[in-house]
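Please read these numbers as outputs of a predicted model, since none were measured by experiment.
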Protein chains: 2
Amino acid sequence: MRADAKRNYDNLLAVARDVALEQGADASLRDIARRADVGLGTLYRHFPTREALFDALLRESFDTLKAQAEALASVEAPDKALVSWLRVLVACANDYRGIITLMVAAIEDPSSALHASCGTMKASGARLLARAQAEGVARTDIDGADLFALVGALAWLGDQPALAKRADHLFDVIFSSILKS
Amino acid sequence: MRADAKRNYDNLLAVARDVALEQGADASLRDIARRADVGLGTLYRHFPTREALFDALLRESFDTLKAQAEALASVEAPDKALVSWLRVLVACANDYRGIITLMVAAIEDPSSALHASCGTMKASGARLLARAQAEGVARTDIDGADLFALVGALAWLGDQPALAKRADHLFDVIFSSILKS
DNA sequence: ACCTGAACACCGTTCAAGT
DNA sequence: ACCTGAACACCGTTCAAGT
């Protein structure tokens with residue numbers, strides 16, 4: 001990548017982070033380009049879709065979550081491992097209001113730039129769930145897809161100003177019933 | 001209301017229903033006016049906000065739900081009454097994809113045209129929940145606001161194409177843990 | 001009273017023209 | 001290679017002008 005292109009890319013990402021943190025996942029791309037002092041086409045060149053932009057914004061979080069899932073799978077008690085990992089996942093989704101909707105849509109859309117990352121998250125969760133189930137500490141009538149859906153629902157709660165304050169409590173309500181330890 | 005105005009109102013509502021059933025709660029108002037062969041200002045005259053339009057579209061459902069809640073409160077077993085009423089509420093919300101987001105926002109916004117209706121729904125649910133709790137068949141660590149939030153989360157699941165098929169199952173998972181019958 | 005549609009200030013997305 | 005911004009086809013919302 002040419003030096004000026006690299007500079008634009010980094011600047012764009014930094015500005016997008018600021019804007020998206022305050023305006024959420026459907027922030028105006030035009031506004032981002034404007035604040036980054038860059039032509040709109042430059043934004044589209046670096047991030048052909050909104051999903052590509054958010055995948056870049058969440059890159060670190062996704063990588064960390066994947067590593068954490070692997071680490072937790074061997075050390076912690078299976079129920080604690082699952083719940084604490086899910087808590088982090090939901091928190092990451094809540095960083096960008098509305099991103100969870102893009103993420104769930106990405107699951108069934110292989111052409112989405114978020115598809116791979118979301119597949120990884122889903123698989124990591126499914127593994128932690130399977131271990132908890134195998135050890136008899138999680139109910140067995142849900143699977144990895146159900147778990148991802150529940151994460152989506154809880155992240156959505158955290159995105160709604162009117163409901164956000166209940167999100168943590170409802171997380172406990174729901175997972176206390178899924179785990180039977 | 002003048003005869004021509006009444007005709008416009010009814011027509012607008014009918015067209016809006018069709019469009020919203022297929023496009024969801026953020027259907028284009030311009031498109032609705034266009035399909036109703038009416039000026040955009042006429043739509044705004046009859047329905048000053050999107051919320052006002054959807055409150056009108058959901059009027060019957062809201063009234064029916066309120067009546068059902070009252071009827072169920074005296075005949076059915078408290079746990080069955082609660083769950084079956086909630087199922088209908090979620091189904092109504094799922095009629096218009098995305099309407100649940102407007103509804104939850106309306107709770108904390110007294111100026112929303114959906115505020116009253118949502119308050120009524122929340123109160124109806126809270127009453128059924130309180131009865132179930134009083135009779136010892138529902139866990140007591142959630143309140144009416146939590147219940148409404150759970151309904152929102154489940155309705156949101158039903159709105160997501162990638163998750164909708166799991167919504168019914170997760171409804172059961174969640175409420176089987178809230179009711180202890 | 002009621003209706004119309006132009007006007008305004010925004011979007012997302014594309015692409016010819018520039019360096 | 002990369003960048004720019006005008007162009008296009010849309011929005012929601014308001015409001016002067018018409019009947």
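- A heavy-atom distance below 4.5 Å is found between the side chains of B/Q23 and B/D31.
- The pairing partner recorded for D/dC2 is C/dG18, the criterion being a Watson-Crick or G-U wobble arrangement whose two distances lie under 3.5 angstrom.
- Straight-line distance from the CZ atom of B/R45 to the C1' atom of C/dC3: 7 Å, rounded to whole Å.
- Using a 4.0 Å cut-off between charged nitrogen and carboxylate oxygen, B/E60 and B/K66 do not count as a salt-bridge pair.
- Between A/N8 and D/dC3, a side-chain N or O to OP1/OP2 separation shorter than 4.0 Å is present.
- The aromatic rings of A/Y96 and A/F54 sit perpendicular, their planes meeting at an angle over 60°, well past the 30° parallel limit.
- Under the Watson-Crick or G-U wobble criterion, with both distances below 3.5 Å, C/dA9 has no partner in any strand shown.
- Salt-bridge annotation for B/E135 and B/K80: absent, with no side-chain N of the basic residue lying under 4.0 Å from a carboxylate O of the acidic one.
- Remark: B/H46 is not in phosphate contact with C/dC2, judged by side-chain N or O atoms under 4.0 Å from OP1 or OP2.
- Here D/dC3 presents its P atom at 13 Å from NZ of A/K6, a figure rounded to the nearest Å.
- B/T42 and B/N8 form no side-chain donor-acceptor contact under 3.5 Å, judged by distance and modelled atom types alone.
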Nucleotides 7-19 of chain C: protein proximity per nucleotide (B base, S sugar-phosphate only, - neither; heavy atom, under 4.0 Å) | B---BBBBB----
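- Side chain of B/W85 to backbone of B/L65: a donor-acceptor contact under 3.5 angstrom is found.
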